[in-house]
Amino acid sequence: MTSQGLSEEQRMMRQSCRDFVDEVIIPFIRHNWQREWVMTPEDRLPKEILEGAEKVGIRTLGVPEEFGGIELDKSSEVQTFAIISEEIARGDSGLADKLVQNWKVSVLLRNLAPPHLQKKWFGRLIEDPQFLLAHCLTEPRGASDRWLPYNVPEAAMQTRAVKRGKEWVINGRKQFISNGYDAGLYVVYANTNPKVGMLQGTSSFLVPRETPGLTVARCNETLGCRFMNNGELVFEDMAVPEDHLLVENDALGKAGVYFRPGKIIQASKNLGVGVRAFEVTADYVQNYVQGGRILIKHQAVALRIAEMATRIEAVRALLERAARAVDENAPDADTLCNMVKLFASEEILKVAQHALELHGGNGVMLDFGVEKIFRDAAIFLHMDATTDISRMKIVKSMFPQTAGKYAGPEA
Ligand SMILES: Cc1cc2nc3c(=O)[nH]c(=O)nc-3n(C[C@H](O)[C@H](O)[C@H](O)COP(=O)(O)OP(=O)(O)OC[C@H]3O[C@@H](n4cnc5c(N)ncnc54)[C@H](O)[C@@H]3O)c2cc1C
């Protein structure tokens, strides 16, 4: 990757992150390929890895300086998130998932949480390298389709919150939540007015892990990104103090501060997986001999390398444009965010497929490590919206009066 257009701060952060990945993460993954399959989720990722992330200063991005965080230049914050998350995901996509949830939720908290709770929770995050944050929207009966949105009561969240005295009492469940298994603090979305559409009747709450009535029901065993422990949560008469309400009723509209950088970060992690696929494949085809010649001398192989590189550069170009649009609050930022998240997921999966195929039999052997890249790439199709829902969101943002209206009531 070139250093064109990067600030001094971005260049330095990228370099220390790159060193951490090359010297710690990649050797760890290579020598411990069984580790992601350990069936006690809390033992999968050694504690020293998050401590290492702390040392290079990438664990608490997004936390305001007054609460001990490393504040990035706001005019290019999302672009910096993209640069760093790409680098980490080049080492391991699951580790990147773990960390970026902290950044994304921190941005949300600094925008929406009352100052005394920011002080408390940012304090916890800063002092404990293992502390994780999570963002809980998805439920058994609704996920990214909520963002279309079908703004009618029957499509609303099933998780309900009711005000009782000075508390909010929450009942329901959330599924597929990143860091859901091991987070210390959750942001939970719940219906607070079943009579209206979800844009008017959804609220968000801060829920500390130790809240009575909160059960972490399971850790999902995922196909890829396995160092991030994805979890399921159940809430039974779970009461949180009234000041833990972040946004009342229009929480979905206010969640843009989470989702815009979020989509950019998804795409950039995805790009990091693609870059790793390219690195290992470029190395392999220059060294592995078949038919008396190194692989790249066979033209069919060389063409695939060209295709991998082209797809990666196309994703990078769109990513840079979309990240800039978010930092500049451009009118087309939402559309571009969805475009790049979607485009990256499909393009990088093809890059990973080339990597898998060019490694032949080695490509599917667990101890060789290339199949992991393919598995990690596949996860991105489903994170932060499926590909079809992303397409719907793109076209709806371009043609809000007509696109996707078919499924709703006739005007
Ligand atoms: C690794 C991972 C991490 C995740 N992390 C989080 C997290 O931190 N927080 C969180 O809240 N969620 C998280 N999710 C959930 C993720 O956002 C959802 O899985 C995703 O939005 C799809 O929802 P679903 O799984 O319920 O699929 P479904 O909604 O059941 O979709 C099934 C199929 O139906 C299609 N479909 C569904 N509804 C419609 C519709 N209205 N119109 C057209 N097609 C439709 C979908 O495109 C898909 O092809 C995570 C998921 C994964 C895999």
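Counting from 1, the numbers follow the sequence of the chain as shown. For ligands, and for the atoms within them, numbers begin at 1 and follow the listed sequence.
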- Closest protein heavy atom (residue, atom, distance) for atom 2 (C) of ligand 1: Met383 CG, 3.3 Å

- So is Gln175 polar-close to ligand 1, meaning N/O to N/O under 3.5 Å? no

- Message: Between Lys372 and Glu36, does any NZ, NE, NH1 or NH2 come within less than 4.0 Å of an OD or OE carboxylate oxygen?
- Response: no

- Contacts of Phe399 meeting ring pair (Phe, Tyr, Trp, His ring centres under 6.0 Å) (sequence neighbours excluded), chain-then-number -> none

- Query: NZ of Lys74 to CD of Glu77: how many Å apart, nearest 0.5 Å?
  - Reply: 5.0 Å

- Measure Cys225 to ligand 1 on non-hydrogen atoms and call it side chain, backbone, both or neither using the 4.0 Å cut-off. neither

- In ligand 1, the atoms that come under 4.0 Å of a heavy atom of Leu137 are 10 (C), 11 (O)

- Task: Output all residues satisfying ring pair (Phe, Tyr, Trp, His ring centres under 6.0 Å) with Phe259, sequence neighbours left out; order by chain, then residue number.
- Result: His135, Trp147

- Message: Checking Ile126 against Phe67 for the side-chain contact (heavy atoms from CB on, under 4.5 Å) test, could you report, in this order, the C-alpha distance in whole Å, the side-chain angles of both residues, the deciding distance, and whether it holds?
- Response: CA-CA 8 Å; Ile126 295 290; Phe67 299 117; 5.7 Å; no

- Query: Can you tell which part of Lys174 has a heavy atom less than 4.0 Å from ligand 1: side chain, backbone, both or neither?
  - Reply: neither

- ligand 1-proximal atoms of Asp97, by part, heavy-atom distance under 4.0 Å: neither

- Query: Should we count NZ of Lys55 as having more than 12 external heavy atoms under 6.0 Å?
  - Reply: no

- Going by the 4.0 angstrom heavy-atom rule, the piece of Asn230 near ligand 1 is side chain

- Tell me, with the steps shown, if Asn362 and Tyr288 meet side-chain hydrogen bond (donor to acceptor under 3.5 Å, both in side chains). CA-CA 11 Å; Asn362 283 329; Tyr288 190 80; 4.5 Å; no

- Task: Could you tell me which atoms of ligand 1, counted from 1 in the order shown, lie closer than 4.0 angstrom to a heavy atom of His382?
- Result: 16 (C), 18 (C), 19 (O), 20 (C), 53 (C)

- Mark the output for Thr222 as yes if a heavy-atom distance to ligand 1 is under 4.0 Å, and as no if none is. no

- Message: Counting non-hydrogen protein atoms only, what is the nearest one to atom 45 (C) of ligand 1? Give residue, atom name and distance.
- Response: Ile389 CD1, 3.7 Å

- Query: What residue and atom, counting heavy atoms only, is the protein's closest point to atom 23 (O) of ligand 1, and at what distance?
  - Reply: Ala143 CB, 3.0 Å

- Task: Could you say whether the N/O atoms of Thr386 and ligand 1 ever approach to under 3.5 Å?
- Result: yes

- Query: Would you say Asp388 and ligand 1 have an N/O pair spaced under 3.5 Å apart?
  - Reply: no

- Message: Tell me whether Thr138 has any N or O atom under 3.5 angstrom from an N or O of ligand 1.
- Response: yes

- Query: Judging by distance only, is a nitrogen or oxygen of Phe176 under 3.5 angstrom from one on ligand 1?
  - Reply: yes

